Peer 1: 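Here it is, the structure in full.
Just so you know, these numbers come straight off a predicted model, no measurement behind them. A, B, ... follow the sequence lines: proteins, then strands. Residue 1 opens every chain. Computed from heavy atoms alone, side chains included, the values below leave out hydrogens, waters and symmetry copies.
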Amino acid sequence: MLESKYNSKDVEAKISEFWDNRKDFKAEDLSTKPPFSVILPPPNVTGFLHIGHALDHTVQDVLIRWHRMRGFNTLWLPGTDHAGIATQSVVEKKLKKDGKSRHDLGREKFLEEVWSWKEEYGNRIVSQMKSLGDSCDWDRLTFTLDDNVSNAVRKVFVSLYKKGLIYKGKRLVNWSSKLQTAISDIEVEYKDVKGSLWHLKYEVVGEDGKFLIAATTRPETFLGDTAICVHPEDERYKNLIGKKVKLPLTGREINIIADEYVDKDFGTGVVKITPAHDFNDYEMGLRHNLEQINLLNTDGSLNENAGEYKGLHVQEARKKIVSDLEEGGFIDKIEPHKQSVGHCERSGVVIEPYLSEQWFMKMESLAEPAKRAVESGTTDFIPEKWTKTYLHWMNNIQDWCISRQLWWGHRIPVFTCQDCGEHIVEMDDPADCIKCGSKNLKQDEDVLDTWFSSALWPFSTMGWPEKTETLKTFYPTSVLVTGPDIIFFWVARMMMQGLEYMKDVPFRKVYLHGLVRDSQGRKMSKSLGNSIDPVELINDYGADALRFTLMAQLASGRDLKFSTQRLEGYRNFINKIWNATRFCLSLTQEYSFKYNENFKTDLKNDLSAFDYWILKKLEITISDVHEKLEQMRFSEAAQSLYSFVWNEFCDWFLEFSKLRVYGESEEDRAAALHVLHFTLDKAVKMLHPFTPFVTEEIYSHLPAKNSESMALSQYPTLGDLEGLNLEETGDYFNDVELIKALLTAVRNIRGENRIKVSQALKVFFVPKDEKSQKAVQRHKALLVKMGLLSEVSFEEPQTFAKSAVAPVKVEGRAVDVIVPLEGLVDLDEEVQRIEKVITKIETDMNILNKKLNNEKYVANAPEDLVEADKVLLTDLSSKLDFMKLHLNRLSMNE
RNA sequence: GGGCCCAUAGCUCAGUUGGUUAGAGCGCUACAUUGACAUUGUAGAGGUCAGCAGUUCGAAUCUGCUUGGGCCCACCA
């Protein structure tokens, strides 16, 4: 027997072990089944699972499990990422505690350290993914530094190099002085910062006492100025072009040049030019052939070009230089200034434009096909709005700085001849120079940006460059599930490389979900301390509850605020399913019931109308869930299942069934138990992609099971209901709806009049037509029992002066419910209740009347709509009459 | 500066192509609870769908403007 409370920990442990011992989730390279494939965005190998992963993975797992159960040959390919910067930083931090740096160890020793770190923590995230229930093909788990991936990386690098798409250049790049490496444009995060605008005075040579004033936000860079620039048409300065100015403090002379880049109307109309430390100035420097004076060391301190300021860090140097400038009278004024400053996404430090030799990838030609693929709909973005973001970036694409001054990653496979300077880029490490034959070769020290290997992920993980069966079967993948924050970093680059090397897009659809925020809508971050640990949540509430919560909250790609209250609610839902199962199983045991899977519903007994009813509801739910999942409307699919299980199956059907199961008729008991189990089985199967653990456990106890694992059983389809004779449900279905409405009406009267449930009532159900008559007669016993009534009568009462009433109408059936209240309650309550009902009816009728009196509405609206309104109006009006009559009687009686 | 998104019950949100008499969960109130479940049951209260204007027979839904909030891109020293 099952425990009365669902114990998620025990069940999850048990199911995990069950899965571990089987190979249920293996994809088949050769199969006649239709393929469905997803690559898992590889998380940082030494990282923790965070709530964003939980969402991302649940979406994928729902899709994967759903397809697997529908007979697809599914591949969910898992992997982990070496995450160059992040991982290297962690290990360096650890070394620092022992007072060591990576340079103390040397490259080889250091890499050994990182590998052992990876060995120690690399499994952590994988087991966290498993505890979430990720049904990946774990045998295919790939790490970005695995040989086959590294091989693909080298192959692509060599190929792009030979095509001339990878080149080396001395350029201004974004430099993180903390990480001491170049980073790419998209790794720079711009933030608004309050700063100052210093107006510096440059003395014009030969014009006694005349100064040009140029403003700057970074005064320390004046040491690297190699020109002063004005607009060629600026009357104020036109005559000075070609002359020289003296740099403050140092007195070094630089030219006054003219360029249209300068905005005459901004500030003084004079700009200082520092080609080695500003991107615009760099361009200008190239145009005017200016000298580039680099002031910085790699750690962000000033170098020998800064003279006496050498060794100071930028921030300190700025203070000192400003005070020196002020002292020397070189500052005209200082204004407060708000500007946006680039920060290193990873380390948070201010990015310095820094002149250095780096490797770059030309992007324009690669971007072209990637752009077209999305424009033409070969790959679709969901939601569609991200298409714009993607295309905008593609249209303005810049060359990508792919080299990083790190050790952890794919080392750039370029060998340079130390004698003749030739670059050798081949698949195998060269022994000697192809040009001069020298053996004095040296491999580039840098590694590739982590995203370089990520860009190849969809095919490198499938065995490329070999023409593997995996690639044939599963490429392109069906859908990529990820967050919109990595459209540029990852999605766009996979599109480009996939098209370049596989000649096809890497995925047919890109589903972009929102961010998981805290309950106040703030981004989760370490510094705010508002991060939610999914592992903790799984421990406290169960993986199923967490998954269902995420799915129920995930709508139309917007961000979701995570609320523990909702999580609790869905934990309760899991428990509800558990207990419904417990109930069914206890009955099975009690009555030694044997499930026959070929059972048929049959109207041998009036009570089997309920079977028709729940099966019809099941049918509706099956097609609804299918439709919603097909459209990736996860919250709606979840909602549909939730209300079917709780509000239809548990609230009504189980209750109806009790009467039948505990009744005399063995035949009816068997019928009820069959439908109970049948419906439960289908419901639980439909839930399985969302809540794999509890459903798998339940399944193992069900008599109706037809495969060892629910994960491999068949997802419910409408076909499952064929042969159950559901065609005739119409009447029975609505009969049950009527019974439900009648019970609700009685409960309503009880509730509003505060009549205790222990107080049995006599009730008059007065049917208004033959169908209602039949339905009420048939289910009299049930109405008495479930309505907790003492007696039911179908005659109009002699006097219903002191009665509560409710007219009930359902799909062509109408019954007046009359409950005598004599001696039970204060009639005022009932008067109030009736008055409220009357007001509501009147408002509704007003709206309808207004509509129907509007000739244009009647003329323009679809006929059936108008017709429905007319019927509704008639109904309301008779209802109103009934209520008014009753109200009169109640009042007369006072 | 350019672009995108959001605003619906006290809270968190659903609401597909305009046709509703605007929904759910939580919370709240009242009552109940010996045979699945207190992680429960039954019932109730609660909304001028941010504001204004427009299109339409009809607007939470479409358009424009306003207000408030969020995100992305660009980077004028």
Peer 1: Counting C-beta onward and ignoring hydrogens, is there a side-chain heavy-atom pair between A:Val684 and A:Ile577 closer than 4.5 Å?
Peer 2: yes
Peer 1: So, OP1 or OP2 of B:rA36: does either fall under 4.0 Å of a side-chain N or O from A:Tyr662?
Peer 2: yes
Peer 1: Nearest heavy atom decides the nucleotide; on that basis, is A:Asn579 or A:Gly569 closer to the 5' end of RNA chain B?
Peer 2: A:Gly569
Peer 1: Would one find a side-chain N or O of A:Lys756 under 4.0 angstrom from OP1 or OP2 of B:rA32?
Peer 2: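 It does, given that an N or O in the side chain of A:Lys756 lies less than 4.0 Å from OP1 or OP2 of B:rA32.
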Peer 1: Establish, from distance only, whether the side-chain atoms of A:Thr221 and A:Lys272 form a donor-acceptor pair under 3.5 Å.
Peer 2: yes
Peer 1: Just to be sure I understand the rule, does A:Lys388 reach a base, reach only the sugar-phosphate, or reach nothing, if contact means heavy atoms closer than 4.0 Å?
Peer 2: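 Answer is sugar-phosphate: A:Lys388 comes under 4.0 Å of backbone atoms only.
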Peer 1: Rounded to whole Å, please give me the gap between CZ in A:Phe653 and P in B:rG41.
Peer 2: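 Those two atoms, CZ and P, are 18 Å apart.
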Peer 1: Taking atom P in both B:rC28 and B:rC72, compute the distance separating them and give it to the nearest angstrom.
Peer 2: 37 Å
Peer 1: According to the Watson-Crick and G-U wobble definitions, with both distances under 3.5 Å, which nucleotide is paired to B:rC11?
Peer 2: B:rG25
Peer 1: I'd like the C1' distance from B:rA50 over to B:rA45, given in whole Å.
Peer 2: 24 Å
Peer 1: Base, sugar-phosphate, or nothing for A:Pro862, non-hydrogen atoms under 4.0 angstrom?
Peer 2: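 Contact class for A:Pro862: base.
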Peer 1: For A:Val230, is there any backbone N or O sitting under 3.5 Å from a side-chain donor or acceptor partner on A:Asp234?
Peer 2: no
Peer 1: So which one's nearest nucleotide on RNA chain B is more toward 5', A:Arg747 or A:Arg571?
Peer 2: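 Checking each residue's closest nucleotide, the 5'-ward one belongs to A:Arg571.
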Peer 1: Would you please confirm or rule out a distance under 4.0 Å between OP1 or OP2 of B:rG41 and any side-chain N or O of A:Lys576?
Peer 2: yes
Peer 1: Describe the nucleic acid contact of A:Lys561 in one word from base, sugar-phosphate, nothing, applying a heavy-atom distance below 4.0 Å.
Peer 2: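 Counting heavy atoms under 4.0 Å across all strands, the contact made by A:Lys561 is with sugar-phosphate only.
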Peer 1: Is there a side-chain polar atom (N or O) of A:Arg633 under 4.0 Å from OP1 or OP2 of B:rU16?
Peer 2: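 No, A:Arg633 has no side-chain N/O under 4.0 Å of OP1/OP2 on B:rU16.
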Peer 1: What integer number of Å spans the P atoms of B:rC49 and B:rG10?
Peer 2: 12 Å
Peer 1: Would A:Tyr857 and A:Asp869 count as having a side-chain donor-acceptor pair, cut-off 3.5 Å?
Peer 2: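 Note: A:Tyr857 and A:Asp869 side chains meet the donor-acceptor criterion.
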Peer 1: Charged N to carboxylate O under 4.0 angstrom, A:Arg218 versus A:Glu352?
Peer 2: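 Judged by the 4.0 Å cut-off on N to carboxylate O distance, A:Arg218 and A:Glu352 do form a salt bridge.
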Peer 1: Students often get this wrong, so: under 4.0 angstrom with heavy atoms, is A:Lys628 touching a base, only sugar-phosphate, or nothing?
Peer 2: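 No contact.
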Peer 1: For A:Thr274, is there any backbone N or O sitting under 3.5 Å from a side-chain donor or acceptor partner on A:Asp278?
Peer 2: no
Peer 1: If only side-chain N and O atoms of A:Arg750 are considered, is one of them under 4.0 Å from the OP1 or OP2 phosphate oxygen of B:rA30?
Peer 2: no
Peer 1: Taking only N and O in the side chain of A:Arg558, is any of them less than 4.0 Å away from OP1 or OP2 of B:rA14?
Peer 2: yes
Peer 1: Counting only side-chain nitrogens and oxygens, does A:Lys385 get under 4.0 Å of the OP1 or OP2 atom of B:rC72?
Peer 2: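 No, outside the criterion.
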Peer 1: For B:rG41 and A:Trp646 - does any side-chain N or O of the residue sit under 4.0 Å from the phosphate oxygens OP1/OP2?
Peer 2: yes
Peer 1: Using the C1' atom in both, what is the distance from B:rC73 to B:rC57, to the nearest Å?
Peer 2: 44 Å
Peer 1: Identify whether any heavy atom of A:Leu872 sits under 4.0 Å from a base atom; if not, whether one sits that close to sugar-phosphate; answer base, sugar-phosphate or nothing.
Peer 2: base
Peer 1: Indicate whether OP1 or OP2 belonging to B:rG58 is found under 4.0 Å from a side-chain N or O atom of A:Asn860.
Peer 2: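 For B:rG58, OP1/OP2 do not have a side-chain N/O of A:Asn860 under 4.0 Å.
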